[in-house]
Amino acid sequence: ELPISLRDVGFGIIIGSAAWLIRYFCSTEKQSLGYIFRRTATAGLTSLLVGMATKGYFSSESLAYAAAGMAGYASPELVDYALSKLRKGK
């Protein structure tokens, strides 16, 4: 039997990673495996963190999963934007 918290962590990672991978597979642009891995990991980690941060905040479990998935969906672009701003500041 898997602990509930570990199961929830897994679901969060899967939701965010799957959302970004679907976006990639639907894209007409082809990228390197490193690019795909970095952005998929970013989406999964963000979904995990948002899922943990919102635990108990939403009364509906499906709404919490949706929030985690949406955060994972948007996070790769937000991280790239933040990194570009940091690099320009140097």
Nearest heavy-atom contact between S47 and A68 is OG-O, 2.8 Å
Residues in side chain to side chain contact (heavy atoms under 4.5 Å, CB included) contact with L63, at least two apart in sequence or another chain | F58, S60
Is the backbone N or O of Y57 less than 3.5 Å from a side-chain atom of T54, with the two atoms forming a donor-acceptor pair by type?
-> no
Any donor-acceptor N/O pair, T40 side chain to F37 backbone, under 3.5 Å | no
Could you state whether L21 and Y35 fall into the same hydrophobic cluster, counting links through intermediate Ile, Leu, Val, Met, Phe, Trp or Tyr residues with side-chain heavy atoms under 4.5 angstrom apart?
-> yes
Not counting sequence neighbours, which residues clear side-chain hydrogen bond (donor to acceptor under 3.5 Å, both in side chains) with S75? List them please.
-> T46
Scan for salt bridge (charged side-chain N to carboxylate O under 4.0 Å, His left out) pairs involving residues 39-51, sequence neighbours excluded, and state none if there are none.
-> R39-E77, R39-D80
Residues clustering with I14 (ILVMFWY side chains joined when closer than 4.5 Å, directly or via others) = none
Would you indicate whether L33, at its atom CG, is surrounded by more than 12 heavy atoms from other residues, nucleotides or ligands within a distance under 6.0 Å?
-> no
